[in-house]
Engineer: 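Here it is: the structure, laid out below.
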Amino acid sequence: MTKAQGAFSIATDLSLLRSISKGSGFWAVGQNVRVDYHITEKWSAFTLVNYYTNGKFTNAATAEAKSLLTTPATIAYSATTKVRYRQVSVGLKRYFKGQFDTEDGYSIYGFGGFGLLFGNVETTTDQAVDSFLYKAQPIAGKGNFSRLTLDLGAGAELELGTGIYLYSELRTWFPASSYPSSYLYNNDLPRVITWNTGIRVLID
């Protein structure tokens, strides 16, 4: 049975995130909260907010002297970085099988949109590197960075009871802008894959 178009849904899920950026691989756990506005039976617009625990990774890095007169010419060091993500995303969702209020069987859908990612980063090194004398990436310290992201995903859902749906999704984020941070080993963040499982409640 198709309910009135223009209905809303509220969804929440638990999320397992894997960063696949080169030199910046880590796992994190998070939560997503999403509001869907059902434009038609097959199309919905969404707004999504999520946040994650700290991810942690360690890299071997080399600092190079800025002057030929500086000795040593290079310094090898180890850098450990903690990163935490928060994101707001908006986009469109399309049902390929079923629709937003399917009562029999399961539904399959895909979605895409753009997000604004907020990152917190803190890096420590196993030895001090003078950034006045050496070019180093990353450097020790803490700060914030932001990115625009392209967000894509697909999922499936099954009705548990009247207007209550269990869903599972795979999502991915790609950077759509770049704002370098000297505290990151690789500024090509975020490149992630997430697996999300949760509940969607349909509100007429």
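Quick note: numbers below take in every heavy atom, side chains included, and nothing from hydrogens, waters or symmetry partners. Positions are given from 1 along the sequence.
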Engineer: So, does N59 use its side chain to make a donor-acceptor pair with the main chain of G23 at under 3.5 Å?
Structural biologist: yes
Engineer: Under a single-linkage rule joining Ile, Leu, Val, Met, Phe, Trp and Tyr whose side-chain heavy atoms are separated by less than 4.5 Å, which residues share a cluster with F145?
Structural biologist: L17, F26, Y52, F57, V83, Y85, L117, V121, I139, W173, Y183, L184, L189, V192
Engineer: Just how far is it from atom OG of S44 to atom CG of L92, taken to the nearest 0.5 Å?
Structural biologist: 9.0 Å
Engineer: Hey, are the side chains of L116 and L148 touching, using non-hydrogen atoms and a 4.5 Å cut-off?
Structural biologist: yes
Engineer: Do you know which two heavy atoms are closest between S9 and R200, and how far apart they sit?
Structural biologist: OG-NH1, 2.7 Å
Engineer: Would you say CD1 of I10 has more than 12 non-hydrogen atoms from neighbouring residues, nucleotides or ligands within 6.0 angstrom?
Structural biologist: no
Engineer: What pairs of residues pass the salt bridge (charged side-chain N to carboxylate O under 4.0 Å, His left out) test when at least one of them lies in residues 50-70, not counting sequence neighbours?
Structural biologist: none
Engineer: Output the distance between atom OG (S21) and atom CZ (F174), rounded to the nearest 0.5 Å.
Structural biologist: 10.0 Å
Engineer: If you take all heavy atoms of L150 and A176, which pair is closest and at what distance?
Structural biologist: N-CB, 4.1 Å
Engineer: Should V90 and V35 be counted in the same cluster of Ile, Leu, Val, Met, Phe, Trp and Tyr side chains packed under 4.5 Å apart?
Structural biologist: no
Engineer: Would you check if Q99 and D101 make a side-chain contact, meaning some heavy-atom pair closer than 4.5 Å?
Structural biologist: yes
Engineer: With rounding to the nearest 0.5 Å, note down the distance linking CZ in R18 to OG1 in T194.
Structural biologist: 13.5 Å
Engineer: Would you name the heavy atoms of S78 and T58 that are closest together and state the gap between them?
Structural biologist: OG-CG2, 3.4 Å
Engineer: Can you list every salt bridge (charged side-chain N to carboxylate O under 4.0 Å, His left out) pair that touches residues 176-194, not counting sequence neighbours?
Structural biologist: D188-R191
Engineer: Drop me the distance from K22's NZ to Y185's OH, to the nearest 0.5 angstrom.
Structural biologist: 6.5 Å
Engineer: Would you say the side chains of E159 and T102 form a donor-acceptor pair under 3.5 Å?
Structural biologist: no
Engineer: When clusters are formed from ILVMFWY side-chain contacts under 4.5 Å, directly or step by step, what else is grouped with Y77?
Structural biologist: I75, V129, F132, L133, Y134
Engineer: Counting heavy atoms not belonging to K142, are there more than 12 under 6.0 Å from its NZ?
Structural biologist: no
Engineer: List in chain and number order the residues that pass side-chain contact (heavy atoms from CB on, under 4.5 Å) with A76, two or more places apart in sequence or in another chain; answer none if no residue qualifies.
Structural biologist: none
Engineer: With L14, which residues qualify under side-chain contact (heavy atoms from CB on, under 4.5 Å), at least two apart?
Structural biologist: none
Engineer: Treating K93 as the side-chain partner and G112 as the backbone partner, does any N or O pair qualify as donor plus acceptor under 3.5 Å?
Structural biologist: no
Engineer: Does Q87 use its side chain to pair, donor to acceptor, with the backbone of G119 at less than 3.5 Å?
Structural biologist: no
Engineer: Residues two or more places apart in sequence or in another chain: which of them pass salt bridge (charged side-chain N to carboxylate O under 4.0 Å, His left out) with D151?
Structural biologist: none
Engineer: Atom CG in L170, atom CG in L152: separation rounded to 0.5 Å?
Structural biologist: 12.0 Å
Engineer: For a side chain to side chain contact (heavy atoms under 4.5 Å, CB included) check, start with the C-alpha distance between N187 and R147, then their side-chain angles and the critical distance, and finish with the verdict.
Structural biologist: CA-CA 10 Å; N187 277 293; R147 300 280 192 279; 3.6 Å; yes
Engineer: Is there a donor-acceptor pair closer than 3.5 Å between any side-chain N or O of T12 and the backbone N or O of N32?
Structural biologist: yes
Engineer: For R84, check salt bridge (charged side-chain N to carboxylate O under 4.0 Å, His left out) against everything at least two apart and list the hits.
Structural biologist: none
Engineer: E169: what forms a salt bridge (charged side-chain N to carboxylate O under 4.0 Å, His left out) with it, not counting sequence neighbours?
Structural biologist: R34, R171
Engineer: How is the hydrophobic cluster of W27 composed, in terms of its other members, when Ile, Leu, Val, Met, Phe, Trp and Tyr link through side-chain heavy atoms under 4.5 Å apart, directly or indirectly?
Structural biologist: L16, V29
Engineer: Apart from I199 itself, which Ile, Leu, Val, Met, Phe, Trp or Tyr residues share its cluster (side-chain heavy atoms under 4.5 Å, direct or through members)?
Structural biologist: L160, I164, L166, V201
Engineer: Have a look at Y109 and tell me which of Y95, F46, F100, W43 forms a ring pair (Phe, Tyr, Trp, His ring centres under 6.0 Å) with it.
Structural biologist: Y95
Engineer: Which residue pairs satisfy the side chain to side chain donor-acceptor pair (under 3.5 Å) criterion with at least one member in residues 116-128, sequence neighbours excluded?
Structural biologist: T81-T123, N120-N144
Engineer: Kindly indicate whether the side chain of S182, heavy atoms from C-beta on, has any atom under 4.5 Å from the side chain of P138.
Structural biologist: no
Engineer: To the closest 0.5 Å, what do you measure between OH (Y106) and OG (S168)?
Structural biologist: 14.0 Å
